[in-house]
2 protein chains.
Amino acid sequence: MAYTHTQQNRFNSKLTSQCQNCSLAALCLPIALVDEDVNRLDQIIERKRPLKKGELLFRQGEKFDSVFAVRTGTLKTFNLTGNGEEQITGFYCPSELLGLSGINNDIYPVSAKALETTTVCEIPFSHLEALSEQIPSLKRQLFKIMSRKICNDQDMMVLLGKKSADEKVASFLINLSDRFKRRGYSATAFRLSMSRGEIGNYLGLAVETVSRVMTRFQKNELIQVEGKEITLIDIDEMQKLVGKNEDCDSILKFE
Amino acid sequence: MAYTHTQQNRFNSKLTSQCQNCSLAALCLPIALVDEDVNRLDQIIERKRPLKKGELLFRQGEKFDSVFAVRTGTLKTFNLTGNGEEQITGFYCPSELLGLSGINNDIYPVSAKALETTTVCEIPFSHLEALSEQIPSLKRQLFKIMSRKICNDQDMMVLLGKKSADEKVASFLINLSDRFKRRGYSATAFRLSMSRGEIGNYLGLAVETVSRVMTRFQKNELIQVEGKEITLIDIDEMQKLVGKNEDCDSILKFE
DNA sequence: CGCCCCCTTGACCATCGTCAATGTCCGTGG
DNA sequence: CCACGGACATTGACGATGGTCAAGGGGGCG
């Protein structure tokens, strides 16, 4: 655990830049910790060995003790329904935090599985809580992260409840685009690390519907698809599509 | 503000029982504050004049500064879509906290409107945050409340994304029932303070569908409906209906 | 090289939304 | 007190969106 501590402590500036580029951006960057604080935060973090595709980071029902920040790769969280089917509740990209829903009952209410080779930082929650006593801005930041999660989930609820298949898929792609952009990656060309089936599961759509919508988007020159590689060609048009749910029998209706 | 302080300080046990019965249960009860702490919490709380049906507690886009605990009555939170339509994101019963989603951007991302005459306690967030410095169990409780909200929202996402109209309505009724039960009210007979339209909006269903489902539930003797008064007759059967989404073309399929 | 999983496409059908008509309750004002 | 208007609820008929079933193609990994 924490196999890079030695180097980090020796090259402090390197450490900082690590935190800026990496998984902890969501946690550290917005609050401008002083070096000393970054150091303290860094010391409670354990860098775990990489997960291979399909490996579980934590399992539904397990005792909660840490939250995790994604460094590289992607994960999905899901739970299993009565009949053993998977219900995907979220995808997590680099710099994003997962595991927060475990605070409630000291148990993870979902499982988390790597969609590809993935590395994460483990942040023991008890340590984080203790540290947040000493660094007020850290505590406030934690509240914000949880609050933001609540906001995002509510947007997701609206999406699931009220939007058409087209709107769901468009929203999903734009959402991914935004997340990549914020990370400094291309907002228009990226790789979908999840399968069509997983997208459909997440969006409340059948695989076939996801496939059909993406094909149609392509025909209408909104996107360019090639397997898992995707390019957003006309983001503006997609944005419009997402914003409205009526008065907009737009471009997509006729092929 | 805090118009009962004088009495409360004189009759401390009365104060405690107030907090136990009332809106603050969600915040206070699970953490067994000592009297002194209850007192400190109580001092930052402002009891506002009652809201009449239709009045707004806070408005989407307004500066965030407080969370609210419902004392009596019900509220809904919603936001407005591009075309001016309402998107209901939650209903809040006595003892429940609302406003947490404002922490993120220091702005309420939704509006909150009273569905009937409603009283709330206002809890200025800055004070709450400061107080949570001094009472560690209070801070932990805040984390828990937010985490629980995340869990609930995720259940809601599954409901919206994957469930049939029957399952949605059944879940909704059982959810309300549980909330009333926990409050010490009847779990089987209660009044729906929201309209069918609002239920539909919340569940991602048309009014007509809500109406039809409830009529069918009544025919099948799962519930008894009389306007806004509702009685759950066969909760077990409803539970089954909610749990499964297949292998269960049950009682409801034929009328 | 071959298997398996994932993706795509088509045909069909169920669920649920839309439209329209009618009924009910309630508050307001004549 | 009753008549009226408006919001809410119910019910039926119809049609569209999207799920299901089935078949076929393609790509990656052993």
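Letters A, B, ... are given to chains in the order of the sequence lines, protein chains preceding strands, and every chain is numbered from 1. Source: prediction; values computed, not measured. In what follows, every heavy atom counts, from backbone to side chain, and hydrogens, waters and symmetry copies are set aside.
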Quiz item: Contact class for A:Ala206 (heavy atom, under 4.0 Å): base, sugar-phosphate, or nothing?
Solution: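 Answer is base: heavy atoms of A:Ala206 come under 4.0 Å of a base.
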Quiz item: Just checking B:Gly204: base, sugar-phosphate only, or nothing, at a heavy-atom cut-off of under 4.0 Å?
Solution: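 If one applies the 4.0 Å heavy-atom cut-off, B:Gly204 turns out to touch the sugar-phosphate alone, with no base involved.
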Nucleotide nearest [X] when distance is taken to its side chain, options [options]:
X        : options                : value
A:Glu208 : D:dC21, C:dG17, D:dT11 : D:dC21
B:Ser211 : D:dT10, D:dT20, C:dC16 : D:dT10
A:Arg212 : D:dG12, D:dG19, D:dA9  : D:dG19

Practice problem: Mind telling me whether B:Tyr108 and B:Phe64 have parallel, tilted or perpendicular rings, with 30° and 60° as the class edges? | Solution: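 Perpendicular, since the angle between the ring planes exceeds 60°.
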Whole angstrom is fine here: how far is it from [atom1] in [X] over to [atom2] in [N]?
X        : N      : atom1 : atom2 : value
B:Glu85  : C:dG17 : CD    : P     : 13 Å
A:Lys52  : D:dC29 : NZ    : C1'   : 15 Å
A:Gln218 : C:dT9  : CD    : C1'   : 14 Å
B:Ile230 : D:dT10 : CD1   : P     : 10 Å
A:Ile199 : C:dC6  : CD1   : P     : 13 Å
B:Lys163 : C:dT15 : NZ    : C1'   : 17 Å
B:Leu205 : D:dT17 : CG    : P     : 18 Å
A:Phe217 : C:dT8  : CZ    : C1'   : 16 Å

Quiz item: C:dT9 phosphate, OP1 or OP2: any side-chain N/O from A:Thr215 under 4.0 angstrom?
Solution: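 Yes, within the criterion.
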Quiz prompt | Any B:Thr209 side-chain N or O less than 4.0 Å from OP1/OP2 of C:dG17 | solution =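 Answer yes for this pair, as a side-chain N or O of B:Thr209 is under 4.0 Å from OP1 or OP2.
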Quiz item: So, do A:Tyr92 and A:Phe68 have ring centers that fall under 6.0 Å from each other?
Solution: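 Aromatic pair excluded; centres sit 6.0 Å or further apart.
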Quiz item: So, do A:Tyr185 and A:Phe190 have ring centers that fall under 6.0 Å from each other?
Solution: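 Here the rings of A:Phe190 and A:Tyr185 have centres that are no less than 6.0 Å from each other.
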Quiz item: If we ignore angles and hydrogens, is there a donor and acceptor under 3.5 Å between the side chains of B:Asn152 and B:Arg148?
Solution: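 Note: B:Asn152 and B:Arg148 side chains miss the donor-acceptor criterion.
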Quiz item: Going by an N to O cut-off under 4.0 Å, is there a salt bridge joining B:Lys240 and B:Asp236?
Solution: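 Salt bridge absent between B:Lys240 and B:Asp236.
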Self-check item: Residues A:Asp166, A:Arg216: salt bridge by 4.0 Å N-O rule
Solution: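 So A:Asp166 pairs with A:Arg216 through a salt bridge.
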Quiz item: Do any N or O atoms from the side chain of A:Thr118 and from the backbone of A:Thr74 form a donor-acceptor pair under 3.5 angstrom?
Solution: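 Confirmed, A:Thr118 side chain pairs with A:Thr74 backbone.
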Exercise. Decide yes or no on salt bridge (charged side-chain N to carboxylate O under 4.0 Å, His left out) for A:Arg182 and A:Asp178, but give the supporting numbers first.
Key: CA-CA 6 Å; A:Arg182 193 168 320 143; A:Asp178 287 346; 5.5 Å; no
Just the table, please: protein N/O against nucleotides 5-8 of chain D N/O, every pair under 3.5 Å.
none

Self-check item: Between CG on residue B:Leu75 and CG on residue B:Leu51, distance to nearest 0.5 Å
Solution: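 Going from CG on B:Leu75 over to CG on B:Leu51, the span is 6.5 Å.
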Self-check item: Degree of bending, the helix from C:dC1-D:dG30 to C:dG30-D:dC1 (end axes from five pairs; round to 10°)
Solution: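 About 40°, once rounded to a multiple of 10°.
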Quiz prompt | B:Lys76: which of B:Glu96, B:Glu116, B:Glu198 passes salt bridge (Lys or Arg N to Asp or Glu O under 4.0 Å) | solution =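 The single option meeting the salt bridge (Lys or Arg N to Asp or Glu O under 4.0 Å) with B:Lys76 is B:Glu198.
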